[in-house]
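Some notes on the structure that comes next.
Bear in mind that the values here come from a model prediction, so they are computed numbers and not experimental data.
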Amino acid sequence: MPELPEVETTVRGLTPFLEGQRLVAVTTFRPDLRRPFPADLAQRLTGATVTSLSRRAKYGIVSTDRDDHMIFHLGMSGRWRTEGGEAGKHDHLLLETGAGHRLFLHDPRRFGSVDLVNGDPLALFPAFVTLGPEPLADDFDAAYLARALAGRRAPIKAMLLDQAIVAGLGNIYVCEALNLAKISPLKPAADVPRAKLAPLVHAIKAVLTAAIAAGGSTLRDFLSPEGDLGYFAKDWRVYGREDEACECGGTIVRTIQSGRSTFHCPKCQR
DNA sequence: CCGTGGTCCTGGGAGC
DNA sequence: TGCTCCCAGGACCACG
């Protein structure tokens with residue numbers, strides 16, 4: 001499931017194929033993913049030159065010299081295919097560059113999305129306006145988290161999944177960070193001791209940084225932009241490890257919170 | 001405002 | 001072998 005590290009890896013992987021390149025053809029193979037593609041997507045991108053690629057939360061942004069910004073979300077099974085060839089069943093969008101590269105947006109479950117904004121996307125794209133800070137940025141710190149969680153009775157896990165609190169975490173890295181920081185995912189957010197917030201912030205930054213360094217971890221679906229099947233993360237601390245031993249010697253349990261699986265160790269996470 | 005739960009979508013694994 | 005069932009997940013919306 002592409003979370004922040006996978007999107008970051010994707011953006012970095014796409015950059016050499018797209019930055020400075022003219023888009024000579026843009027093709028959609030169906031009308032929609034989760035939502036319709038912008039009706040004028042191909043018309044507006046064709047002939048434009050890509051000036052930069054960036055990321056906000058779990059979204060990738062491809063910016064052009066027309067001040068158009070294509071914003072993609074990979075959902076749970078999306079990836080960019082850079083090995084070229086012809087469009088397959090689950091290829092839904094194709095970008096062809098002046099250098100001859102053919103980049104397919106491949107998304108079997110179609111949980112992803114593609115939007116197009118003219119002008120500053122951070123100010124104009126609705127989903128960006130309400131986002132909290134980037135977890136790897138300096139303004140995401142213990143003081144911020146203390147303010148954001150004050151009075152909140154929802155479990156800390158739910159709060160960390162809330163993109164308005166912090167932008168880019170998903171189920172896997174929230175479980176991992178909470179285990180590393182030795183905090184129970186079930187604990188009401190406001191009841192997490194103030195002294196544990198700095199370790200929590202540190203843990204979040206650590207798991208994300210490690211995952212980016214590893215090239216973005218993955219479940220079955222994610223492939224790197226280079227198209228290889230690399231980096232299948234086997235080194236999660238708790239995620240997907242029900243009944244296995246935690247580092248502390250306890251046994252990892254799986255519970256359901258808000259309909260989603262949570263993995264944690266009741267012995268060291270309190 | 002807050003918290004929770006349903007919904008979208010489809011591939012893949014489990015179970016019969 | 002082939003069928004059915006159910007789960008995975010982020011974002012968004014409706015509800016109490």
Side-chain angles (χ1 to χ4, degrees), chain A residues 1-11 28-38 55-61 71-79 81 88-93 105-115 117 121 125-132 134-135 147-178 185-192 204 208 211 216-223 229 232-233 236 238-243 253-263:
Chain A
M1 317 309 153
E3 300 182 26
L4 185 155
E6 290 76 21
V7 180
E8 179 66 27
T9 303
T10 295
V11 165
T28 52
F29 299 102
R30 55 173 296 120
D32 57 8
L33 296 176
R34 285 207 68 197
R35 304 191 284 276
F37 287 113
R55 177 192 60 74
R56 176 73 168 112
K58 300 170 193 172
Y59 295 86
I61 307 171
I71 302 165
F72 65 85
H73 194 296
L74 297 174
M76 58 185 293
S77 59
R79 66 180 176 97
R81 227 169 43 75
K89 182 181 178 187
H90 300 301
D91 294 327
H92 309 308
L93 171 65
L105 179 59
H106 179 97
D107 188 359
R109 297 181 198 181
R110 303 209 307 270
F111 247 48
S113 61
V114 173
D115 292 280
V117 165
F125 185 54
F128 284 174
V129 176
T130 53
L131 286 178
E134 285 287 319
R147 285 195 303 278
L149 300 181
R152 303 298 297 266
R153 302 311 301 169
I156 183 66
K157 188 208 178 193
M159 291 291 92
L160 295 179
L161 285 173
D162 183 343
Q163 305 296 294
I165 301 282
V166 57
L169 298 180
N171 204 35
I172 294 173
Y173 294 114
V174 166
C175 290
E176 294 297 291
L178 286 169
L186 311 175
K187 199 171 192 62
D191 293 348
V192 176
I204 289 168
L208 295 177
S217 61
T218 175
L219 291 187
R220 299 164 195 85
D221 299 304
F222 180 78
L223 300 184
L229 280 157
F232 280 77
W236 286 321
V238 289
Y239 188 85
R241 293 184 175 269
E242 183 180 13
D243 295 332
V253 299
R254 173 176 173 269
T255 53
I256 302 294
Q257 290 181 279
S258 303
R260 298 283 185 255
S261 290
T262 295
F263 296 88

Short side-chain N/O contact to C:dG10 OP1/OP2 from A:Gln163, under 4.0 Å: no
Is any NZ, NE, NH1 or NH2 atom of the basic residue among A:Glu134 and A:Arg55 found under 4.0 Å from an Asp or Glu carboxylate oxygen of the other? yes
Categorize A:Pro155 for me: base, sugar-phosphate, or nothing, with a 4.0 angstrom heavy-atom threshold over every strand shown. sugar-phosphate
Residue closer to the 5' end of DNA chain B, A:Arg153 versus A:Arg30 (nearest nucleotide): A:Arg153
Hey, are the side chains of A:Arg81 and A:Asp91 touching, using non-hydrogen atoms and a 4.5 Å cut-off? yes
Output for pair (A:Thr28 OG1, A:Phe37 CZ), nearest 0.5 Å, gives 6.0 Å
Write down the atom of A:Phe29, the atom of A:Leu93, and the distance for their closest heavy-atom approach. CD1-N, 3.9 Å
Whole angstrom is fine here: how far is it from CD in A:Glu242 over to P in C:dA8? 10 Å
Any A:His73 side-chain N or O less than 4.0 Å from OP1/OP2 of C:dG10: no
Side chain proximity check, A:Leu74 to A:Asp107, heavy atoms < 4.5 angstrom: no
Whole Å only: how far is the CD atom of A:Glu3 from the P atom of C:dA11? 10 Å
A:Asp162 CG - C:dC13 P separation (whole Å): 14 Å
For A:Ile256 and C:dA8, what is the distance between atoms CD1 and C1' respectively, to the nearest whole Å? 11 Å
Over how many whole Å does the gap from A:Asp107 atom CG to C:dA8 atom P extend? 19 Å
Once you round it to whole Å, what is the distance between P of C:dA11 and CZ of A:Arg35? 10 Å
With sugar-phosphate meaning primed atoms plus P, OP1 and OP2, does A:Arg254 contact a base, only sugar-phosphate, or nothing at under 4.0 Å between heavy atoms? sugar-phosphate
So, taking the atom named CG in A:Asn171 and the one named OG in A:Ser261, what distance separates them when rounded to the nearest 0.5 Å? 7.0 Å
If I compare all heavy atoms of A:Val114 with all of A:Pro38, which pair ends up nearest, and what's the gap? O-CD, 3.3 Å
Show your reasoning for whether side chain to side chain donor-acceptor pair (under 3.5 Å) applies to A:Ser113 and A:Arg34. CA-CA 6 Å; A:Ser113 61; A:Arg34 285 207 68 197; over 6 Å; no
Starting at CZ of A:Phe128 and ending at P of C:dC12, how long is that distance when rounded to a whole Å? 10 Å
Answer yes or no: is there an ion pair linking A:Arg35 with A:Asp115, defined by an N-O contact shorter than 4.0 Å? yes
How bent is the helix from B:dC2-C:dG16 to B:dC16-C:dG2, comparing axes over its five end pairs at each side, to the nearest 10°? 50°
So, does A:Lys89 get its side chain near the phosphate of B:dG11, meaning an N or O under 4.0 Å from OP1 or OP2? yes
Whole angstroms only, please: what is the CZ-P distance between A:Arg56 and C:dA11? 12 Å
What's A:Ser261 touching, base or sugar-phosphate or nothing? Going by heavy atoms closer than 4.0 Å. sugar-phosphate
Measuring to OP1 and OP2 of B:dG3, would you say a side-chain N or O of A:Arg152 lies under 4.0 angstrom away? yes
Scan nucleotides 5-9 of chain B against the protein and return all N/O pairs shorter than 3.5 Å with their distances rounded to 0.1 Å.
{"from": "B:dC8", "atom 1": "O2", "to": "A:Arg34", "atom 2": "NH2", "distance (Å)": "2.5"}
{"from": "B:dC9", "atom 1": "O3'", "to": "A:Arg110", "atom 2": "NH2", "distance (Å)": "3.4"}

Spacing of CZ belonging to A:Phe263 relative to CH2 belonging to A:Trp236, to within rounding of 0.5 Å: 10.0 Å
